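Remember, it's 1-based here, ligands and their atoms both numbered in the order they're listed. Just so you know, these numbers come straight off a predicted model, no measurement behind them.
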Amino acid sequence: MKRWLSLNQKVVFNSEKMETKRLTVGQAVVEFLQQQYVERDGVSQPFFAGCLGIFGHGNVAGIGQALQQNPNFKYILTRNEQASVHIAIAYAKMKNRMGAWVCTSSIGPGATNMVTGAACATINRLPVLLIPGDIFARRNVAPVLQQLESASSQDVSVNDCLKPVSKYWDRINRPEQLITALPEAMRVMVSPSETGAVTLAIPQDVQAEAYDYPISLFQKKVWRIARPRPDISSLIDAAKLIHASKKPMIVAGGGVIYSEATDVLRLFVDTTGIPVTETFAGKGSLPYNHPFNLGAIGATGTPGANKISEVSDLVIGIGTRYSDFTTASKTAFQNPDVKFININVAEFDSFKHGALPLTSDAKECIEELIGLLDDYRTEKSYQQEVADLNSDWDKYITSVYKAKGELPVSQVEVVGAVNEFSAPTDVLLCAAGSLPGDLHKLWRTRDPKGFHLEYGYSTMGYECAAGIGAKLACPNREIWVMVGDGNYLMMNNEIVTSIQEGIKYNIILLNNNGYGSIGALSQSVGSQRFGTRYQFRDQETGTLSAGNLPVDYVQNARSLGAHVIEATDIASLKVALEEAKQQTKTTVIVIETDLYKGIPGYAWWEVAVAEVSEMETVQEAYKIYREKKTKQRYFL
Ligand SMILES: Cc1ncc(C[n+]2csc(CCOP(=O)(O)OP(=O)(O)O)c2C)c(N)n1
Ligand SMILES: [Mg+2]
């Protein structure tokens, strides 16, 4: 043992003899984060782009002070902590999870503002590091401003709300706990199967305390993003299932894009003739005009995708978590003998629907599968059917994109104008409302990163903040945020941040004076759009029906510092899009759209309907609901 030690002088077993650096906890965090790198396929890059946030008493002297003395680690002041997280999510999504931001907040409302963002990140499987301040670990001055007191424990703070929405959650009560907590936080953030929101709650006194940290904590560390290979026996079984299948299909989810598997997917499709359907996160897996691309699947899917999923005997899910929108609330797959193969880096997802699990990286697995399929090819007639469905749908898109000349314009006409104006590598960004469904069906995606939909959590208010994150990740792409009036009113404040930072993106604000989406949903459950219009209250009927509210979106956006253009019809919208592109600062185009003009859907989405009611419309809706439910299936 002695001899071994003498040969390895640098190995120190006694922590007393470690080379150390005296830093506050806040300083140690910032120094550590700057040294974290990720590497995939031989390309290495720093993982953290910087820190977004808002200071308060919980973080100003700790993380705040550390950020000031480390100007190389960028700090961006935002307007709302939830929005910080939205920016971080959009960035990580555009970076295919190879980059992330830290979000810092004070104690209390700043921290709980991040709960929604954390849930959004975790559900979408996107990495973000949250560092909320926390109440004094020392406790002697409790209760501090914003402290949630508990009569049953002193070890509770509002940060505990972040536990269920975080993939890793820790509270750093002593400075040395950082030494083991930080690598754990990194392990989870860079894991393709585990990633999501990671929370390190750090009490304000602890953030400012100094400790002698081992210098090895601050050495450059490169985390390899592995491409785990599938189990070979399962892979052989998968190849057999494909060989036996007459009507196989692929459900391409976000994992295809995050794994950068789009080229190999295309090769797989070209060699096998297996058609592709796309989830919200997976849209862009194949270009829209590939003859084997059936487009959007599920509740907001195309007729072609729904027709094929109804009869398919083998569904190959790649990087999908099978949300209810994808499965049309478990009604999409009706072949009594349907089988599933799931290629997913997360074991949890790969076992869904009783599938043959190929727990592995999408790119790696597809490559290996191609090697086992020999000359397998779907029948010519099936390929022809798919190609016809693709071209029929494209003709339909052309017809609905065309402006009809009626005012207010329809939402679909706006989608058409933006799609036709945008360049292939531009980014369309959206999250909630009636736009996501229209975009899922109708957007002609030409680039794997061209379609950015946050539809895991469908967070109202995501869009205007997320535009910043998308632009930070892809400065050379033009970002087109499409947002409804409801979403815009929920969170538009980050326009100010974009002006502050000189980060330019475009917002197309579709004002239909209320909730087109939930209004239509309300109607479908028999509730006649109750409480979904932005109208004055009618004092006689007590309903929101006495004329549109006079919200001036043009003035609103202008007051935040944006360049604003008002469009009244599709012709003026086209001119506005050109003007927006020329601008160097964030530009908002406001256009009024029709609340009622929508396009039909081709599959069901389960939303519960009242079982009893005196309202006939509800009774009728309940009958339809019961009928639809008969198609729901379990896959075991
Ligand atoms: C934070 C949040 N609250 C509520 C909802 C439910 N919801 C989804 S879309 C929507 C209305 C969106 O309104 P708008 O942006 O005007 O879009 P439109 O429905 O008119 O297309 C609501 C209330 C949600 N997704 N997120
Ligand atoms: Mg609206």
Side-chain angles (χ1 to χ4, degrees), residues 80-83 85-86 89 112-124 161 165 280 299-300 323-325 408-415 418 428-443 453-467 480-495 507-525 527-535 544 548-553 556-557 567 588-601 605-608:
N80 179 314
E81 294 84 355
Q82 181 183 331
V85 190
H86 291 171
I89 291 169
T112 48
N113 269 355
M114 296 202 292
V115 174
T116 298
C120 180
T122 294
I123 286 169
N124 285 289
C161 296
V165 290
F280 278 93
T300 48
S323 85
D324 63 349
F325 264 78
V409 300
S410 75
Q411 178 163 289
V412 176
E413 291 166 359
V414 177
V415 170
V418 178
L428 179 280
L429 189 151
C430 187
S434 56
L435 272 164
D438 287 359
L439 293 164
H440 192 210
K441 277 202 271 285
L442 301 170
W443 188 262
L453 254 283
E454 186 286 283
Y455 212 68
Y457 204 42
S458 187
T459 319
M460 278 178 79
Y462 175 79
E463 298 93 333
C464 292
W480 302 100
V481 169
M482 290 188 79
V483 64
D485 48 334
N487 276 269
Y488 178 84
L489 285 181
M490 197 167 279
M491 198 177 282
N492 54 47
N493 37 21
E494 298 313 314
I495 290 173
I507 297 172
I508 298 139
L509 163 50
L510 290 85
N511 174 23
N512 58 9
N513 297 294
Y515 302 160
S517 53
I518 306 299
L521 199 58
S522 162
Q523 213 155 19
S524 76
V525 298
S527 295
Q528 295 141 356
R529 295 184 183 254
F530 170 69
T532 63
R533 291 182 177 92
Y534 284 172
Q535 298 211 3
L544 301 177
N548 290 338
L549 294 172
V551 186
D552 190 334
Y553 292 100
N556 177 284
V588 179
I589 299 173
V590 180
I591 185 160
E592 186 165 350
T593 53
D594 193 298
L595 182 67
Y596 305 104
K597 270 186 226 149
I599 55 158
W605 179 47
E606 177 170 5
V607 172

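Assignment of Gly514 to the shell around ligand 1 is supported, since a heavy atom sits closer than 4.0 Å.
Distances below 4.0 Å separate heavy atoms of Gly516 from the following atoms of ligand 1: 18 (P), 19 (O), 20 (O). Heavy-atom proximity to Asn487, at under 4.0 Å, picks out these atoms of ligand 1: 12 (C), 14 (P), 15 (O). Less than 4.0 angstrom separates some heavy atom of Gly486 from each of these atoms of ligand 1: 13 (O), 14 (P), 15 (O), 16 (O). If you number the atoms of ligand 1 from 1 as listed, the ones under 4.0 Å from a heavy atom of Ser434 come out as 18 (P), 19 (O), 21 (O).
To the nearest 0.5 Å, atom CG of residue Leu509 and atom OH of residue Tyr553 are 6.5 Å apart. Once rounded to the nearest 0.5 Å, the distance linking CG of Leu435 with CG of Leu429 reads 11.5 Å. For the atom pair Glu494 CD and His86 NE2, the distance stands at 10.0 Å (nearest 0.5 Å). Atoms CG and CG, from Leu595 and Asn548 in turn, are 8.5 Å apart once rounded to the nearest 0.5 Å. The CG atom of Asp594 sits 10.0 Å away from atom CG of Asn513, with the distance rounded to the nearest 0.5 Å. Of the inter-residue distances, the one linking Leu439 atom CG with Phe280 atom CZ reads 8.5 Å to the nearest 0.5 angstrom.
Looking at Glu463, Met491, Met460, Met490 and measuring to atom 23 (C) of ligand 1, the nearest heavy atom belongs to Met460. The residue from Ser458, Gly531, Ala432 that puts a heavy atom closest to atom 25 (N) of ligand 1 is Ser458.
By the criterion of a heavy-atom distance under 4.0 Å, both the backbone and the side chain of Asp485 are placed next to ligand 1.
Scanning all protein heavy atoms for the shortest distance to atom 8 (C) of ligand 1 gives Ile518 CD1, 3.7 Å. From the protein, the heavy atom lying nearest to atom 19 (O) of ligand 1 is Ser517 OG, 2.6 Å. Looking from atom 13 (O) of ligand 1 to the surrounding protein, the closest heavy atom is Tyr515 CD2, 3.2 Å. The nearest heavy-atom contact from the protein to atom 17 (O) of ligand 1 is Gly433 CA, 3.7 Å.
Using a 4.5 Å heavy-atom threshold, the side chains of Tyr455 and Thr300 count as separate. Contact check for Asn492 versus Ile507: no side-chain heavy atoms found under the 4.5 Å cut-off. Residues Val551 and Asp485 have side chains not in contact (no heavy-atom distance under 4.5 Å, counting atoms from C-beta outward).
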Legend entry - Trace of the side chain to side chain contact (heavy atoms under 4.5 Å, CB included) decision for Leu521 with Tyr515: CA-CA 10 Å; Leu521 199 58; Tyr515 302 160; over 6 Å; no

Inset, instruction - For the pair Leu544 and Thr532, evaluate side chain to side chain contact (heavy atoms under 4.5 Å, CB included) and give the outcome as yes or no after the intermediate values. - result: CA-CA 8 Å; Leu544 301 177; Thr532 63; over 6 Å; no

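Shown here are the protein N/O/S atoms lying under 2.8 Å from the Mg ion (ligand 2), water excluded: Asp485 OD1, Asn512 OD1, Gly514 O.
Taking distance alone, with nitrogen or oxygen atoms compared against 3.5 Å, Thr459 stays at or beyond that limit from ligand 1.
Under the 30°/60° scheme for interplanar angles, the aromatic rings of Phe325 and Trp605 are found to be tilted.
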